[in-house]
Amino acid sequence: MNELTDSQQQAVDHKEGPLLVLAGPGSGKTRVITHRIARLVEVGVAPQQILAITFTNKAAREMVERVESLLPQAKPWVGTFHRFCARLLRRHARGVGLEPNYTILDTSDQRRLLKSVMAELDHDATHFPPQAIAARISRAKNGLQDPQSWAENSRTGIGDFQGRIMAEVYPAYQRALQRSNAVDFDDLLLHVATLLRENSELRRQLDEQYSYILVDEYQDTNLPQYNIIRALSQDFPNLCATGDPDQSIYAWRGAEIGNILRFEQDFPDAEIVRLEDNFRSTKEILRQADLLIAHNVHRKSKVLVTNNDDGPPVELLSFPDGVAEAEGIARQIRTLVEETGRGWSEFAIFYRVNALSRSLERALQRHRIPFQVAAGVGFFERTEVKDIVAYLRLIANPADRTAFERVVNKPARGIGKVTLSRVIKWAAEQGTSLLEAAAAAENIPKLNKRAVKALHGFAQLINELSQNSNSPVAELMNKVLVQSRYTHGWEDDLSDQIEERRANVQELITAAEQYDAEQGQSASLEGFLEDSSLVSDVDQLDDDSGSVTLMTLHAAKGLEYSVVFIVAVEENILPHERALQSEDSFDLEEERRLLFVGMTRAKEQLYLTRTERRNYRGRSQSAIPSGFLQEMDLTAIDVNPEPSGPDWDDAHDQDDSLDDFEPVIKRRPPLDEQADRPQLMTAADLLNGTSSAAKLPLGFSIGMQVRHPQYGVGTVVDVDGFGRRKTATVEFPSGERRHFDIAKSPLQPVGLR
DNA sequence: TTAACTCGTCTTTTT
DNA sequence: GACGAGTTAA
């Protein structure tokens with residue numbers, strides 16, 4: 001296996017000048033890149049001159065490991081575009097009007113800020129959804145348009161209300177970011193592109209510094225990324241781009257498939273290497289994938305060949321509904337594990353939209369199959385974690401408006417909506433940060449004494465904490481917890497929600513300790529915050545977790561599994577209805593590529609599934625088989641799971657509709673597993689976030705006795721929802737039934753578990 | 001100011 | 001179905 005093929009060798013040995021590696025799925029692309037890096041170092045290139053850009057942190061980590069195993073002393077910089085830009089921007093922040101301690105907003109922070117800005121401008125958020133505005137802003141930024149050039153380039157017609165709002169909001173949002181000394185994800189790229197365009201000396205320097213650049217997944221680069229790469233490859237055009245136009249699935253995010261198609265024109269003397277030997281999949285899987293992708297018109301045709309076995313046929317499984325589908329997949333996985341001795345981690349289930357994971361998770365849970373999900377509430381998105389991180393952000397960057405708004409009243413200090421809006425207004429007039437405004441609260445008109453005092457107290461708290469901003473992150477975090485009294489009142493609270501929060505906080509401290517230890521001397525608050533905002537869901541997946549992996553088709557790119565299931569291959573889901581509605585045939589082709597990417601993840605066995613009816617978006621609709629299915633030559637199998645034997649209970653469980661009418665005791669996932677749950681979850685459990693351990697229903701199960709401070713003791717008669725959105729219906733002795741948000745209500749379990 | 005409740009809107013994929 | 005915004009009662 002250590003042998004490289006001729007074309008792989010060719011790519012590895014190429015030294016100077018631009019190189020394009022067109023790599024089909026499973027053609028050993030990562031091997032080529034890692035070997036190439038090692039080779040460059042061997043022939044005398046300094047590791048610091050090499051810049052390798054990957055698509056995900058996970059891919060980066062993997063690459064670092066593989067390069068290290070080839071050549072331990074080589075330590076080139078490997079990371080994502082966003083990370084690279086964040087780091088560069090740290091050093092050259094002033095060039096774009098930022099301070100080096102700027103913060104990076106994630107999607108939810110960004111939306112909050114946008115909302116806040118819109119509220120300030122008196123735009124009714126219900127009529128003009130911030131979501132839509134955010135999307136337009138993002139599109140503008142991906143097109144390298146700042147507010148000014150956007151305004152120049154877009155004639156907003158009389159009827160285009162959203163466009164007119166945009167013309168007002170975009171500049172205001174951008175000013176708010178600037179004043180907060182903050183950037184959103186798009187800005188990271190945009191600012192760096194601007195920096196390189198406007199500062200030719202800096203461009204020259206960096207071009208020289210990174211004289212050997214490798215970019216993975218080049219087909220997914222957008223305009224700012226493309227400009228950055230080009231700017232860094234002028235005097236030293238030793239650019240090695242790898243990618244596959246057939247795997248371009250991020251056009252919706254501004255990726256330009258044209259970038260890879262144009263490579264030869266952009267870099268006239270480029271060498272092109274094609275990797276067409278597939279080492280991953282069976283002949284049958286490749287044949288089907290090829291049949292599918294051949295239907296894309298806007299495509300250079302390409303062959304995929306393999307010496308692997310023919311393999312079993314690719315099956316299309318049809319089920320009556322989504323529950324049966326999930327059930328059938330769970331059973332099939334179990335059967336395959338029992339019959340062929342495969343491990344759980346050899347299986348993956350892909351879906352087009354995250355919403356489809358629910359029924360799958362339930363079925364796997366019923367069958368006691370361990371699984372991990374790449375999605376959902378990531379660790380750094382949990383409330384407690386975000387709160388504490390917001391404190392840290394405010395310490396690192398006192399101008400950070402989003403962070404201020406988030407924690408100014410956490411824990412409750414009597415600073416409510418009204419007070420806050422007055423502070424915001426005053427700060428805007430004075431041109432100060434919110435924190436400065438809080439410190440000078442006595443000058444703000446219309447505030448009552450209590451509010452002034454509370455604001456002073458908060459400003460002082462942050463001020464005191466800031467004295468420690470250079471101590472290790474974990475230490476600082478502990479000070480934050482103590483002095484802010486964030487966990488005050490949690491001490492002798494044994495309820496499960498508090499327990500979970502405590503565990504989250506503990507886990508965050510552990511993460512900080514880990515960061516301090518790993519970074520040693522170079523540890524910094526900014527660095528930790530940067531890490532925490534640039535991790536993604538896929539990054540947290542564990543290859544040898546011994547569990548089945550669930551994820552979206554997008555997240556699946558670059559991965560491989562022995563057995564793959566792709567669910568809901570139905571019209572309006574895959575292809576997605578948005579693509580079907582679109583006039584542009586490119587959108588439909590992207591959906592086809594998405595399925596292609598999913599299919600080519602499979603090494604040995606591939607199943608596509610569909611149903612007759614599907615519960616989706618709250619209603620049951622009849623499902624039409626995806627048009628893509630006819631483009632292949634699949635073996636169709638009807639699966640009608642006869643409710644039989646021990647599974648009868650499960651089948652019965654599926655019928656939720658009766659529960660409204662009679663108080664049937666619902667069967668819950670095995671109670672013994674709940675009882676066995678360790679008091680504290682392991683770090684791995686928490687990082688996986690949605691691992692089976694964390695997914696077990698927390699506390700409140702049907703029949704349980706609970707106490708409410710107001711209504712007294714009652715019995716839980718129903719539980720609904722997930723995670724923070726979980727609700728419980730409680731019946732009190734008076735016969736009265738009430739509905740509670742578990743995360744918000746003061747419900748307490750009575751007695752011992 | 002806070003918690004419970006009611007109502008209305010949106011609904012893809014992610015760094 | 002999920003989630004946010006607004007309303008009401010304390």
Side-chain angles (χ1 to χ4, degrees), chain A residues 53-60 79-86 104-108 110-112 115 119 124-132 135 138 142 183-189 217 220-222 224-225 249-255 350-356 358 374-375 378 409 412-420 450-451 454 533-539 551-557 572-581 587 590-591 593-594 597-598 615-620 708-711 720-727 738-741 743-747:
Chain A
I53 295 176
T54 60
F55 200 68
T56 61
N57 295 304
K58 187 172 189 286
T80 62
F81 257 111
H82 291 264
R83 218 169 259 278
F84 172 68
C85 291
I104 303 168
L105 303 189
D106 67 17
T107 315
S108 72
Q110 182 197 357
R111 228 183 42 220
R112 257 168 202 267
K115 259 186 205 170
D124 157 28
T126 44
H127 214 240
F128 302 105
Q131 289 266 26
S138 182
N142 286 330
V183 300
D184 60 24
F185 285 136
D186 297 320
D187 279 342
L188 282 173
L189 306 172
E217 312 283 9
D220 285 323
T221 49
N222 64 19
Q225 290 168 334
I249 53 174
Y250 284 98
W252 54 272
R253 184 167 113 180
F350 304 149
Y351 32 82
R352 175 67 235 263
V353 293
N354 278 309
L356 291 168
R358 279 293 156 72
N409 201 30
R413 300 185 174 85
I415 302 170
K417 239 188 297 183
V418 182
T419 307
L420 183 59
R450 255 167 83 192
S533 48
L534 294 178
V535 292
S536 73
D537 299 329
V538 208
D539 296 332
M551 67 179 104
T552 63
L553 285 161
H554 283 89
K557 191 164 71 163
N572 294 320
I573 293 182
L574 182 61
H576 192 269
E577 58 179 331
R578 289 272 264 256
L580 287 172
Q581 283 159 11
D587 291 334
E590 179 151 313
E591 297 289 310
R593 288 194 294 268
L594 195 51
V597 166
N615 282 320
Y616 186 53
R617 291 182 187 163
R619 72 177 113 233
S620 168
H708 189 282
Q710 225 172 319
Y711 308 109
D720 210 5
F722 271 84
R724 283 177 297 168
R725 280 280 151 181
K726 198 162 165 178
T727 60
R738 278 173 188 280
H739 213 58
F740 298 99
D741 263 359
K744 289 181 188 164
S745 79
L747 278 182

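Chain letters run A, B, ... following the sequence lines, proteins first and then strands; every chain starts at 1.
Distance, A:E217 CD to B:dT14 P: 15 Å, rounded to whole Å. Distance A:E590 CD to B:dT14 P: 13 Å, rounded to the nearest Å. In this structure, CD of A:Q131 is placed 10 Å from C1' of C:dC3, rounded to the nearest angstrom. Between the P atom of B:dT14 and the CD atom of A:Q225 lies a distance of 16 Å, rounded to the nearest Å. Distance A:N615 CG to B:dT11 P: 21 Å, rounded to the nearest Å. Separating the CZ atom of A:R593 from the P atom of B:dT13 is a distance of 18 Å, rounded to the nearest angstrom. Rounding to whole angstrom units, CZ of residue A:F350 and P of B:dT13 are separated by 16 Å. One interatomic measurement links the two molecules: CG of A:L574 to C1' of B:dT12, which rounds to 11 Å at whole-angstrom precision.
At B:dT1, one or more side-chain N or O atoms of A:T419 fall inside 4.0 Å of OP1 or OP2 (strictly under the cut-off). Dashed line: the shortest gap from a side-chain N or O of A:K115 to OP1 or OP2 of C:dA5 is under 4.0 Å. Phosphate contact (OP1/OP2 of B:dT1, side-chain N/O of A:N409, threshold under 4.0 Å): absent. Distances shown here put a side-chain N or O of A:N354 below 4.0 Å from the OP1 or OP2 atom of B:dT14.
Contacts of A:N222 classified as side-chain hydrogen bond (donor to acceptor under 3.5 Å, both in side chains), with partners at least two apart in sequence or in another chain: A:N142. A search for salt bridge (charged side-chain N to carboxylate O under 4.0 Å, His left out) contacts involving A:R253 returns nothing, not counting sequence neighbours.
Considering only the side chain of A:T552, B:dT14 comes nearest among B:dT15, B:dT14, B:dT12. In the set C:dG4, B:dT15, B:dT14, the nucleotide with an atom closest to the side chain of A:H82 is B:dT15. Of the candidates C:dA2, B:dT12, B:dT15, B:dT15 carries the atom nearest the A:T107 side chain, counting heavy atoms from C-beta on. Picking from B:dT1, B:dT14, B:dT12 the nucleotide with the shortest atom distance to the side chain of A:H576 gives B:dT12. Of the candidates C:dG4, B:dT12, B:dT14, the closest approach to any side-chain atom of A:R253 belongs to B:dT14.
Using P as the reference atom, B:dT13 and C:dG4 are 16 Å apart when rounded to the nearest Å.
Ring centers of A:W252 and A:H554: under 6.0 Å apart, within the cut-off.
Between A:W252 and B:dT13, a base-stacking contact is recorded: ring centres under 5.5 Å apart, planes less than 30° from parallel. Put simply, A:H554 does not rest on the base of B:dT14: the two rings are not both less than 5.5 Å apart at their centres and under 30° in tilt.
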Run the side chain to side chain contact (heavy atoms under 4.5 Å, CB included) test on A:N409 and A:T419 for me, step by step, so that the C-alpha distance in whole Å, both residues' side-chain angles and the decisive distance to 0.1 Å come before the verdict. CA-CA 11 Å; A:N409 201 30; A:T419 307; over 6 Å; no

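For the pair A:F185 and A:E591, nearest-nucleotide mapping onto DNA chain B gives the more 5' position to A:E591.
Residue contacts shown for A:Y250 are limited to sugar-phosphate atoms, with no base heavy atom under 4.0 Å away.
At distances below 3.5 Å, at least one donor-acceptor pair connects side-chain atoms of A:N57 with backbone N or O atoms of A:L534.
Ring geometry for A:Y250 versus A:F55: interplanar angle of 30 to 60°, hence tilted.
In terms of polar N and O atoms assigned as donor or acceptor, the side chain of A:R352 comes within less than 3.5 Å of the base of B:dT13 in a complementary pairing.
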